[in-house]
S.K.: 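This is the structure, below, for whatever I ask next.
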2 protein chains.
Amino acid sequence: MSVGERESTHGDRDHVQSLERGIAVLLAFDEEHPEPTLAELSRITGFSRPAVRRFLITLERMGYVRGHDGRWSLTPRVLSIGQHYTASHALIEVSQPHLLRLAEETHESASLATLDGDDAVYVARVPVRRIMSINVSVGTRVPAYATSMGRVLLAWAPTPVVDSVLHRRPLRAITPSTVTDPSALRAELARVREQGWAVVAEELEAGLLSASAPVRDRSGQVVAALASSTSVGRSSRGELQRRVVPLLLETAARITAEFGGRA
Amino acid sequence: MSVGERESTHGDRDHVQSLERGIAVLLAFDEEHPEPTLAELSRITGFSRPAVRRFLITLERMGYVRGHDGRWSLTPRVLSIGQHYTASHALIEVSQPHLLRLAEETHESASLATLDGDDAVYVARVPVRRIMSINVSVGTRVPAYATSMGRVLLAWAPTPVVDSVLHRRPLRAITPSTVTDPSALRAELARVREQGWAVVAEELEAGLLSASAPVRDRSGQVVAALASSTSVGRSSRGELQRRVVPLLLETAARITAEFGGRA
DNA sequence: GTCAGTGTGTACGCACAGCGTACACCTCGA
DNA sequence: TCGAGGTGTACGCTGTGCGTACACACTGAC
């Protein structure tokens, strides 16, 4: 036994190298490397070429990857992995029709997000119009501290979670309006908790407006944030507050009721 | 060397057991087992409990899984795996605004799908209304032979692919209207190829109507199918043909032009 | 109280899975 | 013809990953 301190919960013996490496190979496919060659993947991941080849062949047999004259690419089966997350979280399926209705009523994109680490992650979404410069889809991550959904999720999160998000690293001013001061954010979170909803204007991206309300499980714990997003051209902070927030609260309450009932 | 014939392309030596097993553990989470216990996962997968535990700890370290007093669950990070498919296929990002526009013009859900094995897989989607009994999302698979998207994809697919889809197993009549006779389907595919689009009525689900058109890459190969779906209550085969098909063809052409230009 | 049936963690030793090195080959462009 | 890219695969060693076995905690039945 080495003298080194145990950093993590579990010993190194419980780590399965091949699994981690294999997934790393899968994740090496991205925008910059949509159809990499074997050697390219070897360079990206840092694993030997034979090793990468073994992983690729395994993934190919499982249907996640396809090899075509020296180039490899992901198959749509990769998308089915995410389906298992969706399928195992009843809340998401329950929310879908409510998101559709909200989007129809507001003529704006409706989203549901969950907290994961420092980020709010979109887990369901009905897009109506392109509002952000990036293409938002299910799985997209946005920093919690600078979004209405994140604020809602943090407002009711346990203290250690909030602490870690606000203090682990210095918060970056994504736009000139982004609130980055931890104590100012804490005050804002308190306000959100008190009023029961959040509105954030242009803190993630110029021109972007969004409002959010909490969705709870049967025990009353906040498990997700419902949001409606628009742009300064189409709406304003005041109008969001007047027209959208009530709809959000209603919709969130309906989801909460239905989800609490079935969970 | 055994006398047994080599069935697959690659030898067994090139198979990485731990990767396949680890992913199997990840996939063991589903609707029926949203928060399984370690022992439960061991039973589902058939792997020994210590083995499953090692995989879980590895996955937990990677952020895909979370353990909470004896129960395990998937984290939203699982969704990010699918993002790599989306990111590595420029067509999908290119299509998004066109899908939005199509959905707005038709007031119906717009979808983009790709062929994978026997299925059409939704790779991008703008939902407007719940039309199917199942919740359709990105990653959802539907049998190619019984859907307009699948028909389009098969109409321009290489012969061996068509053969395998139509003849590997007897085609099931999903609804009373489903065409299951291979030669009738071949004739239908020829018709689709000739007219340049497909309309399918109530072959996948009663009351479900959909129209589809091909999207091509710069080499002219059909790489995806664009579709608009509605229900018999809101439209008819004739109306689809008259009003929706022209819009589909226009939109598909626009996507093809933009995608061909940038790829 | 005790027993059976859940569940959990972990120690340990063996086997072979997975590793990288090394070599052979192909294709392209200079 | 050479070098620089790519590919596949043989092979032997290492140590990863395997399952068995044991210890323990909690629950409900009787």
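So you know, we letter chains A, B, ... as the sequences are listed, proteins then strands, and number each from 1.
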S.K.: Tell me the interatomic distance from B/F55, atom CZ, to D/dG17, atom P, rounded to whole angstroms.
M.R.: 8 Å
S.K.: If only side-chain N and O atoms count, and only distance matters, is there a donor-acceptor pair under 3.5 Å linking A/H98 with A/E258?
M.R.: yes
S.K.: Ignoring backbone atoms, test whether B/R21 places a side-chain nitrogen or oxygen under 4.0 Å from the OP1 or OP2 oxygen of D/dG19.
M.R.: yes
S.K.: Does a side-chain N or O of A/R43 approach OP1 or OP2 of D/dG6 to a distance below 4.0 Å, or not?
M.R.: yes
S.K.: D/dG8, OP1 or OP2 - any side-chain N/O from A/R53 closer than 4.0 Å?
M.R.: yes
S.K.: Nearest-Å distance, CD1 (A/I57) to P (D/dG8)?
M.R.: 7 Å
S.K.: Between the side chains of A/R125 and A/S111, does any donor sit under 3.5 Å from an acceptor?
M.R.: yes
S.K.: So which one's nearest nucleotide on DNA chain D is more toward 5', A/L19 or A/G70?
M.R.: A/G70
S.K.: So, for B/L226 and B/A252, which heavy atoms are closest and what is the spacing to 0.1 Å?
M.R.: CD2-N, 3.6 Å
S.K.: Picking from D/dT7, C/dG9, C/dC19, which would you name as closest to the side chain of A/A39?
M.R.: D/dT7
S.K.: Is it the case that the ring center of A/H89 lies less than 6.0 angstrom away from the ring center of A/Y85?
M.R.: yes
S.K.: From C-beta outward on B/P50, which listed nucleotide comes closest to its side chain: D/dC18, D/dA21, D/dT9?
M.R.: D/dA21
S.K.: Between atom CD in B/E20 and atom P in C/dA17, what is the gap in whole Å?
M.R.: 13 Å
S.K.: Of all the nucleotides listed (D/dG8, D/dG17, C/dG18), which has the minimum atom distance to the side chain of A/V16?
M.R.: D/dG17
S.K.: Output the rounded distance in Å from CG (B/D69) to P (C/dT8).
M.R.: 11 Å
S.K.: Between B/Q17 (CD) and C/dA15 (C1'), how many Å, whole number?
M.R.: 12 Å
S.K.: Between D/dG8 and A/R49, counting only base atoms on the nucleotide and side-chain atoms on the residue, is there a donor-acceptor pair under 3.5 Å?
M.R.: yes
S.K.: So does A/S18 get a side-chain nitrogen or oxygen closer than 4.0 Å to the phosphate oxygens (OP1/OP2) of D/dT16?
M.R.: no
S.K.: Whole-Å distance between D/dT7 P and A/E40 CD?
M.R.: 9 Å
S.K.: Using atom CZ of B/R71 as one end and atom C1' of C/dG7 as the other, report the distance to the nearest whole Å.
M.R.: 10 Å
S.K.: Could you state the atom-to-atom distance from CZ of B/F47 to C1' of D/dG17 in whole Å?
M.R.: 13 Å
S.K.: Select one nucleotide: of D/dG19, C/dG18, C/dG20, the one nearest the side-chain heavy atoms of A/A51.
M.R.: C/dG20
S.K.: Within 45° of the ring axis of A/W156 and under 6.0 Å from its six-membered ring centre, is that where the NZ or CZ of A/R216 lies?
M.R.: yes
